[in-house]
Amino acid sequence: MRIAFLGTPDFAIPSFQMLIDEGHELALFTNPDRPKGRHGALTPPPTKELACKHGIPVFQFEKIRLPEGVSALRAFAPELMVTAAFGQILSQENLDIPPLGCINVHGSLLPKYRGAAPIQWAIINGEQVTGVTTMLTEAGLDTGPILLKRETPIDENETAGALFDRLAIMGAALLQETIAALLAGTLKPQPQNENAATKCTMIKKETGRVDFTKPAKRVHDLVRGVSPWPGAYAEMEGETVKLWQTRRTERTERGEIGACVIANPREGLFVQTGEGILEITELQFPGGKRMAAKAALLGHPMQGKLFS
RNA sequence: CGCGGGGUAGAGCAGUUGGUAGCUCGUCGGGCUCAUAACCCGGAGGUCGGGGGUUCAAGUCCCCCCCCCGCAA
């Protein structure tokens, strides 16, 4: 089948790979190369690299809904369109091109967590279950009728990065099922329940700022929800310290909020939160690499110091 | 050539105006103790990222290169 695949980051890779393995006649539509890294070298999106390896034609547009994009899409004349973490809003004109319509793979259980960063927000909000959804794409933001859904539990220590990888693979499998069902004519699109819908915003750098006045669980959820990007951080004596991994504890020491109530290489690093003591197990000082807290404490005395 | 912080013992760090390279942990040996991840004593372990230069003398000052990290994108 002729399929136009619209996707950009790593999340889209397993789905794209699946379509390649199934032998479809593909074209990739993705974002332009972006400056990346410390020296701002132009870097192609992950999906583009995969496409190039397989000799799949690549079309890059800042906005595919503009006339250029529309005509390129029309020229490819796909029977079906698939989007996965595309990062662009499609116009009705785009959507009308493929006769079989457009399927989107989304990293949440719609209608919850519509929007750009559903995986991170599910963890930050302390959800215990999430999943992937396939849907018929509409012009709105993740509002189209639901095709198939698959749930998965979130481990209490799982990071966004780990969940990302799992959901990307689940998404690919669900997409495979969805396309098979579409061709078999057994799909029954279900309109989303608007009353249950929630939207999530994009993750910004600032989202990673830790607020120790919150309960230990909320801090823990934030730390793993923004790991590995953009990473959680707090200030200590004017320096930005990144917090990479935390662990909830039953400890009962009391101290000022943000204080390192226990901080030695033997026991580890324990910080007073608004509710409970949180252990920080992995962190990173300016100029340094991320390291185990117990190692960091050998050269960075922190007993009694304050995070803010 | 976007801005900045770093590379010193196995690990994490300190090293002031150039003048015998230190600290904590680990490691090895010994001691103390009912006992210990606790405590005491002692030992091993470093071409101070690499190269060149200045100097009687360079971890430290100057130039070049490599690698790591944060910010900004």
[N]: pairing nucleotide in any strand, Watson-Crick or G-U under 3.5 angstrom:
N       : answer
rG4(B)  : rC69(B)
rG59(B) : none
rC39(B) : rG31(B)

Completion exercise
Expected string for nucleotides 64-70 of chain B under the B/S/- scheme (protein heavy atoms, under 4.0 Å, primed atoms plus P, OP1, OP2 as sugar-phosphate) is ----SBB

Practice task
Report the nucleotide, chosen from rC13(B), rA11(B), rA73(B), that has the shortest atom-to-atom distance to any side-chain atom of A295(A).
Solution key: rA11(B)

Exercise for the section: Tell me which nucleotide among rC13(B), rU24(B), rA73(B) gets nearest to the side chain of L298(A). Expected result: rU24(B)

Rounded to the Å, how far apart are [X] [atom1] and [N] [atom2]?
X       : N       : atom1 : atom2 : result
M302(A) : rU24(B) : CE    : P     : 18 Å
N264(A) : rG26(B) : CG    : P     : 11 Å
K36(A)  : rC71(B) : NZ    : C1'   : 15 Å
W229(A) : rC71(B) : CH2   : P     : 10 Å
M291(A) : rG26(B) : CE    : C1'   : 16 Å
L297(A) : rG26(B) : CG    : P     : 14 Å
E62(A)  : rA73(B) : CD    : C1'   : 14 Å
E206(A) : rA72(B) : CD    : C1'   : 15 Å

Practice task
Mind jotting down which residue pairs meet the side-chain hydrogen bond (donor to acceptor under 3.5 Å, both in side chains) criterion with at least one end in residues 65-85 of chain A? Sequence neighbours excluded, please.
Solution key: T83(A)-N104(A)

Handout entry: Sequence neighbours excluded - side-chain hydrogen bond (donor to acceptor under 3.5 Å, both in side chains) pairs with any residue from residues 270-280 of chain A
Key = R247(A)-E279(A)

Practice task
May I ask you to check whether over 12 heavy atoms, not counting those of K48(A), lie within 6.0 Å of atom NZ?
Solution key: yes

Practice task
State whether the number of non-hydrogen atoms from other residues, nucleotides or ligands found under 6.0 Å of L66(A) atom CG is greater than 12.
Solution key: yes

Can you tell me how far [atom1] in [N] sits from the matching atom in [M], rounded to whole Å?
N       : M       : atom1 : answer
rG46(B) : rA37(B) : P     : 28 Å
rG7(B)  : rC48(B) : C1'   : 10 Å
rU36(B) : rG29(B) : P     : 16 Å
rA21(B) : rU16(B) : P     : 14 Å
rG5(B)  : rC62(B) : P     : 14 Å
rC64(B) : rA9(B)  : P     : 26 Å
rA38(B) : rC28(B) : P     : 14 Å
rG22(B) : rG15(B) : P     : 15 Å

Completion exercise
Contacts of Y233(A) meeting ring pair (Phe, Tyr, Trp, His ring centres under 6.0 Å) (sequence neighbours excluded), chain-then-number -> none

Practice task
Give a yes/no answer on whether the side chain of H300(A) brings an N or O atom under 4.0 Å of OP1 or OP2 in rG12(B).
Solution key: no

Practice task
Check the angle between the aromatic planes of F11(A) and F164(A) and answer parallel, tilted or perpendicular using the 30° and 60° thresholds.
Solution key: perpendicular

Problem - Hydrophobic cluster (4.5 angstrom, side-chain heavy atoms) - remaining members for L109(A) - result: V129(A)

Handout entry: Shared-cluster residues of I262(A), by chain and number - hydrophobic side chains joined below 4.5 Å
Key = V261(A), F270(A), I277(A)

Problem - Upstream residue (5' side of RNA chain B) when P230(A) and H39(A) are each assigned their closest nucleotide - result: H39(A)

Exercise for the section: Please figure out whether R266(A) or G299(A) has its closest RNA chain B nucleotide nearer the 5' end. Expected result: G299(A)

Exercise for the section: Decide yes or no on side-chain hydrogen bond (donor to acceptor under 3.5 Å, both in side chains) for E235(A) and T240(A), but give the supporting numbers first. Expected result: CA-CA 5 Å; E235(A) 301 289 323; T240(A) 300; 3.0 Å; yes

